[in-house]
Amino acid sequence: QMDLVESGGGLVQPGGSLRLSCVASRSSFNAYDMAWVRQPPGKQRELVASVTAGGGKNYGDSVKGRFTVSRDNAKNTMYLQMDNLEPEDTAVYFCNARRTVAKFETVDYWGQGTQVTVSS
């Protein structure tokens, strides 16, 4: 079992910043590919940012240049630094952990989500 707990969400004005954290329960955290996925109200989920076990990073087009994803394997934690927030960033942000266990077979774990609201 891999438990994930997100924190750091809240209400912020446009142009403000927030830092989200995702704490994993297992010390094998360093073997997982990690990602932040968000779901705006009334819309489907979309990838925000990812960081692989090897440290490679990718960002969604809408957040590139504003958000920074990182991980601290010693703390079993992934972070998302969000700067220059826009109302369009309003969403529930979920932490995702993925591990490949066999060819064409992966295991995914999800946190409960944390609400980010950007409004003036």
S.K.: Would you mind telling me which of V116, T117, V118 makes a side chain to side chain contact (heavy atoms under 4.5 Å, CB included) with L11?
M.R.: T117
S.K.: Could you report the tightest heavy-atom contact between P40 and E46, atom names first, then the distance?
M.R.: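 Looking at all heavy atoms of both residues, the closest pair is CG-OE2, 4.1 Å.
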S.K.: Applying side-chain hydrogen bond (donor to acceptor under 3.5 Å, both in side chains) as the test, list every pair that has at least one member in residues 81-93; sequence neighbours left out.
M.R.: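 The answer is S17-D83, R38-D89, R38-Y93, R66-D89, Q81-D83.
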S.K.: Return yes when atom NZ of K75 has more than 12 non-hydrogen atoms of other residues, nucleotides or ligands closer than 6.0 Å, and no otherwise.
M.R.: no
S.K.: Can you see which heavy atom on G9 is nearest to which on L20, and at what distance?
M.R.: N-CD2, 3.5 Å
S.K.: Under a 4.5 Å side-chain heavy-atom rule over Ile, Leu, Val, Met, Phe, Trp and Tyr, are V63 and V92 clustered together?
M.R.: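 Per the 4.5 Å side-chain linkage, V63 and V92 are not co-clustered.
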S.K.: With a 4.5 Å heavy-atom cut-off, do L18 and F67 have their side chains touching?
M.R.: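 SC-SC contact between L18 and F67 ruled out.
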S.K.: Heavy atoms only: give me the nearest Q1-S25 pair and the separation to one decimal.
M.R.: O-OG, 4.1 Å
S.K.: Measure from the side-chain N and O atoms of N96 to the backbone N and O of W36, and report whether any donor-acceptor pair falls under 3.5 Å.
M.R.: no
S.K.: So, does E6 use its side chain to make a donor-acceptor pair with the main chain of Q112 at under 3.5 Å?
M.R.: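 Between the backbone of Q112 and the side chain of E6 there is a qualifying donor-acceptor contact (under 3.5 Å).
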S.K.: Work out which heavy atom in V69 is nearest to a heavy atom in K57; give both atom names and the distance.
M.R.: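 Heavy-atom minimum between the residues: O-NZ, 3.0 Å.
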S.K.: What are the two closest heavy atoms between L80 and A49, and how far apart are they?
M.R.: CD1-CB, 4.2 Å
S.K.: If you compare all heavy atoms of A24 against all heavy atoms of M2, which two are closest, and at what distance to 0.1 Å?
M.R.: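 So the two residues come closest at CB-CE, 3.5 Å.
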S.K.: So, does R71 use its side chain to make a donor-acceptor pair with the main chain of T52 at under 3.5 Å?
M.R.: yes
S.K.: Is there a continuous path of hydrophobic side-chain contacts, each under 4.5 Å between heavy atoms, that joins V37 to M82?
M.R.: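 The answer is no; the residues belong to distinct hydrophobic clusters.
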S.K.: To the nearest 0.5 Å, how far apart are CG in N58 and CG in L47?
M.R.: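 One gets 7.5 Å once the value is rounded to the nearest 0.5 Å.
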S.K.: Does atom CD (Q44) have a neighbourhood of more than 12 heavy atoms from anything else shown, all under 6.0 Å?
M.R.: no
S.K.: Does the side chain of F94 reach to within under 4.5 Å of the side chain of L4, using non-hydrogen atoms?
M.R.: no
S.K.: For the residue pair Y32 and Y109, establish whether any side-chain heavy-atom pair is separated by less than 4.5 Å.
M.R.: yes
S.K.: Taking the side chain as every heavy atom from C-beta outward, state whether R98 and S50 have any pair of such atoms under 4.5 Å apart.
M.R.: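 Counting from C-beta outward, R98 and S50 never come under 4.5 Å.
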